[in-house]
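All values below come from the heavy atoms of this structure, side chains included, with hydrogens, waters and symmetry mates left out.
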Amino acid sequence: MKVNLHGFRRSSYGLLAVVVTTVTSFSVLLPQFASAGQVTSRSVQMSDSAPSGGSITSGVGSGANVSYNITFTAPTSATVGGIVVDICDSTPLIGDTSCTLPTGFGWGNATPAATVTGITGTWTASSSAGGGTAGQPQVLFLSDSAPAIPGGAVNIVVTGVNNPSTTNHTFYARIVTFNTAANMTSNYTVTGTTRAASFAGSIDNGGVAMSTATPISITARVMESLSLCTSAAAPTANCAGVTAPSIILGHGANNVLDASAIDTKSVYSQLSTNAASGAIIRMHASSTCGGLSKDGGATCPIPAFGAVLGTFTAGTADFGVQTQGGTAVAGGSGSATLNAKYANAASSYAMDITTANNNVTATYGDSMASTAGAVNSVNVQYVFAATAANTTPAGIYTVNESLIATGTF
Amino acid sequence: MSNYQLGFTITSPQTIGSIELMFCANSPLQDDPCVPPNGLSVNGANLVSQTGITGFNVVKPSPAHILVLGRTPSLFAGGAVSFDISGIVNPTGPGTYYGRIQTFPSPDVSGVANDFGGLAFSIGNAAQVSATVPPYLLFCTSLAISDYDCAKTSGNYTNFGNFSPTKASIGQSEMVSATNAGSGFTIQASGPTLTSGNNVIPALSVPDVSRPGTSQFGINLRANIDPAVGVDPQGPGGGVVNPSYNIPNEYVYNSGDVIVSFNGPEDYRKFTVSYIVNIAKSQPVGVYATTLSYIALANF
C-alpha cells in the first residue's frame, strides 16, 4: 500500500498572492482549495489484493466481496457532515478533473455497505456511478445530517467491494471531507470520469495509493499413505530397527517345544497411515487348520486354541496369540484399539479358526487391531504361545502369519 | 495368489459401465505417471463377488497392473460398492503400493472418467512362527512304579521262593511307556527261560493255562484269576498287548516276542507282567534263574 505524499495546504490569501505575482510567467497548474488541510495517517487497508474477474471466483484471491478499511485523521477541527472516497486510476490528486475508473472496480452496491467510526452521528452511505455502473459505482459518499467534529482517527469499513480486474495495478483513493452533506452532494460533482476542480464546503482531503497483486497460489499434494512393517524386535519410529519377523517357540539349550512348559515369543507390527477413516490390521494363517503344522498346514498336531482367550496347560498341545500395545512409539502419534478377542496382558491366548469371516483361516483373516483415523508409528505386539503334548509327533512345526493392514481413505 | 477386496463409495448418481483399478508403485495421484509394481499381476484375476452394484466381469486382456471390471452401462444411484477379487499376484517386494480407482460410463474404461480416487496398501513380510518338538521315548521297568513316574521305581528282582508241584509260583513286574514316535513303538521281551545249570523249566511256546505238576514258565500282561496275579494295562496310552500275551489265565513265553506295540504316539501306559512257574515232581533240584530284558523301540 502506497501512501501518497502529495498534499495541498493553501490559504486563500497566499494563493491569491501567488496568482498575482506569477500570472505573467506561468500558469497555475495546481488546484486551489480554500482552507483545506491534508488528512493525515490515511490508509486504505484491503482484505484481498487480488484482481477481480479471474479464475478464483470467491474467497481470498478472487478480488470480489473485498473489505476496504479506510482510515484518516482530520487535521482541522471542523465539523464534518460529508465524506467522499473516490477511486481513480489516474492520480490521487484532489482537484484533478480526470478520475478514470480502474477497470473492474466497484463499491459493490448502489448503497455500499459502510460503517463509520471515530465521528459521531448516523452516517449514510450512497454512491455515484462515475465511470462505473449503478451496481458497481466509482464514488462513495458518506453523509450525516448532524455534522460533528471527529474525535480522532476516522475509520470507514466498506464491505462487498470489487477490486480492479487488472493485476499488479496501482490505483488511488481520493478522500475529501465536507462541512455538510449538502455541500458534498452539491459540489463534489461527478460526470462519468470527470470531477470538479474545486469543491465548496470541502474541509480536508488526501490521496492514498493501493495496488492489486496476483495472489500466490500454493498447491500441495498429499498422497494416500499406509505403511505396515513386521519385526521380531519392537520397531522405533518409522519402522526403524526392524528385524526379520521370524521366531522359534521353545526352551532349553536346544530351544525345543515339549510337554514340560508353555513357550512364548513376540512379533511386532508398526502402522503409519493418513487414512482419514482409519485402518484395520488382520492376521491370516498359512495353515488351513490355524495351528502349528509339519505337513504344510494339512494337519495341526499343535492345534489352534480357539476363539476365546484362555490359559494353556503344559502338556496339552495348543497354539495361540495375545496382543498388547497399540500405542505410538516416541515421535509417533495416535493409537490402535486391540480386538478384545486377543487383547490380554496376562497369560491367556486365543487363535480363532471358527468365527465366520473373522478367523485366522478366513479369506481375509481375523481382525487384530484397528485405528479410528490417521496414526503414525503405532506398534502392536503379538505374543505367540505354544506347548506340546507327550504324544505330539516329533518334528519341526511352522506357520506363517500374514499381517495385513487395510486403510479407508 | 491373493484375494483382494476393493471397496469404495460413489457419492453421486452416474452411469457406470466400467471400473478401473490401476496399481502403481510410486503414487496414487491421477496426474502422476504410474510405475507398475514389480511382480504384481492381475492376469489371473477372477471376480468372486460384488456387493452394492451388479453385472460386472473382469475384462481381459489388460496390462498386468490394471484391473478392469466392465458391464453393460447403466445408471447407478450411488452408494458403497465392494468387489472380492481372487487370483492376484502380490508385488515381489515389501513396501507401500498404491491403487488408482476410476469409474467410467463406457463399458471399456474409454473416454472421460466419472470419478476417481486413490488408496494405499502395504506388502510386508509374514511373521514366521516355528517350533521343534524333539523325539521322545519314556520307558522303564521295575517291580513297582509309582503312577507313571519312572523316577519312582522299586526293585528289579523277583524271588519265587520254593517251587511246588502242587501250586504255581507267581510274580509280577511293571513297565511304563510313552513316546511321540509318529510311526509307533514296540516292547520286546528277551531272555532265556528259568534254568539251573543244564536243568530247564521249559517256557510255554503257545498260550496255556497254569498246570501245577507240569513244568512250565510263562507270562502274560493281564489280570489273572488262576493263579491270582497281574493287572490289566493302565493309562491313557493306546499300546496294545500281543494277542498271545493278552489272554487272562493263559501264559506263554518266547524270547524275542514283541509283547506290546502301537502304531502311533503313545501317551502314558503301564503294563503289568505276570509270571507263573509250575514244576513237575520230576523237576531236578536246583536254583533256577533267568534275566529277562524288555526292549522298547520307537519308530520316528
Side-chain angles (χ1 to χ4, degrees), chain A residues 221 223-232 242 244-250 254-259 263 265 267 269 271 273-275 283-284 286 292 294 301-302 317 319 321 363-364 382 384 386 388-409, chain B residues 2-9 24 26-32 48-49 84 86 90 94-101 117-138 148 178-184 236-238 262 264-268 298 300:
Chain A
R221 302 183 307 168
M223 306 195 307
E224 291 82 357
S225 70
L226 187 146
S227 167
L228 180 75
C229 61
T230 53
S231 172
V242 296
S246 178
I247 57 172
I248 300 174
L249 296 173
N254 297 315
N255 203 18
V256 296
L257 190 73
D258 60 29
D263 294 300
K265 285 277 181 14
V267 172
S269 71
L271 176 68
T273 180
N274 64 355
M283 187 170 79
H284 189 185
S286 63
L292 290 172
K294 65 171 189 169
I302 304 176
F319 174 64
V321 68
T363 301
Y364 300 102
Y382 308 82
F384 290 95
N390 287 325
T391 55
T392 302
I396 298 175
Y397 291 77
T398 61
V399 68
N400 291 327
E401 303 285 1
S402 181
L403 292 171
I404 309 147
T406 303
T408 301
F409 296 89
Chain B
S2 296
N3 282 41
Y4 281 41
Q5 186 176 69
L6 172 66
F8 54 93
T9 298
C24 305
N26 56 321
S27 166
L29 302 176
Q30 298 293 334
D31 295 337
D32 289 347
V48 176
S49 66
D84 276 358
S86 66
N90 280 349
T96 300
Y97 296 89
Y98 306 94
R100 305 179 186 183
I101 308 166
L119 55 86
F121 61 98
S122 182
I123 298 295
N125 294 318
Q128 297 177 330
V129 182
S130 62
T132 299
V133 177
Y136 159 78
L137 173 64
L138 174 73
Y148 305 100
T179 182
N180 65 354
S183 299
F262 193 60
E266 164 86 313
D267 207 337
Y268 292 113
F300 294 94

Q | When B:A127, B:G182, B:P265, B:S122 are compared by non-hydrogen pairs under 4.5 Å with chain A, the top option | A | B:A127
**Q.** A:T391 and B:N180, any side-chain heavy atoms less than 4.5 Å apart
**A.** no
Q | Test item: A:N390 and B:Y136 side chains (from C-beta on) under 4.5 Å apart, heavy atoms | A | yes
Q: Would you give the length of the straight line joining atom OG of B:S27 to atom CD of A:E224, rounded to the nearest 0.5 angstrom?
A: 8.0 Å
Q. Taking A:N255, A:L249, A:D258, A:I247 one by one, which has the highest count of heavy-atom pairs under 4.5 Å against chain B?
A. A:I247
**Q.** Heavy-atom check, side chain of B:N3 versus side chain of A:Y364, under 4.5 Å
**A.** yes
Q) Just by distance, do the side chain of A:T230 and the backbone of B:N125 share a donor-acceptor pair under 3.5 Å? A) yes
**Q.** Part of A:I404 within contact of chain B (heavy atom distance under 4.5 Å)
**A.** neither
Q) Is it the backbone or the side chain of B:Y4 that comes under 4.5 Å from a heavy atom of chain A, or both, or neither? A) backbone
(Q) Using every non-hydrogen atom in the two residues, find where A:M223 and B:P28 come nearest and quote the distance to one decimal. (A) SD-CD, 3.3 Å
Q: Please state whether the side chain, the backbone, both or neither of B:L119 comes within less than 4.5 Å of a heavy atom of chain A.
A: both
(Q) If I measure from the heavy atoms of chain B, does A:Y382 come under 4.5 Å with its side chain, its backbone, both, or neither? (A) neither
Q: Report yes if some heavy atom in the side chain of A:V267 is under 4.5 Å from a heavy atom in the side chain of B:Q128; otherwise report no.
A: no
Q. Of the listed residues (A:L228, A:T406, A:V399, A:T408), which shares the most heavy-atom pairs with chain B below a 4.5 Å separation?
A. A:V399
Q) Can you find a pair of side-chain heavy atoms, one from A:I302 and one from B:V133, that are under 4.5 Å apart? A) yes
Q) Of the backbone (N, CA, C, O) and the side chain (C-beta and beyond), which part of A:A386 lies under 4.5 Å from a heavy atom of chain B, both, or neither? A) neither
Q) Which one of B:F300, B:F121, B:Y98 has the most heavy-atom pairs closer than 4.5 Å to chain A? A) B:Y98
**Q.** Shortest non-hydrogen contact from A:S402 toward B:A126
**A.** CA-CB, 3.9 Å
Q) Is it the side chain or the backbone of A:I248 that comes within 4.5 Å of chain B heavy atoms, both, or neither? A) both
Q. With chain B, which of A:T363, A:N274, A:T392, A:D263 has the greatest number of heavy-atom pairs at distances under 4.5 Å?
A. A:T392
Q: Answer with side chain, backbone, both or neither: which region of B:T179 has an atom nearer than 4.5 Å to a non-hydrogen atom of chain A?
A: backbone
Q) Within a strict 4.5 Å, meaning less than it, do heavy atoms of the A:R221 and B:D32 side chains meet? A) yes
(Q) Within the structure provided, determine whether B:V129 and A:F319 are in side-chain contact (heavy-atom separation under 4.5 Å). (A) yes
(Q) Counting only non-hydrogen atoms closer than 4.5 Å, does A:S227 touch chain B with its backbone (N, CA, C, O), its side chain (CB onward), both, or neither? (A) both
**Q.** Heavy-atom contact with chain A under 4.5 Å, split by part of B:Q5
**A.** both
Q.
Please find the pair of heavy atoms, one from B:A131 and one from A:L257, that lie closest to each other, and give the distance.
A. CB-CD2, 3.8 Å
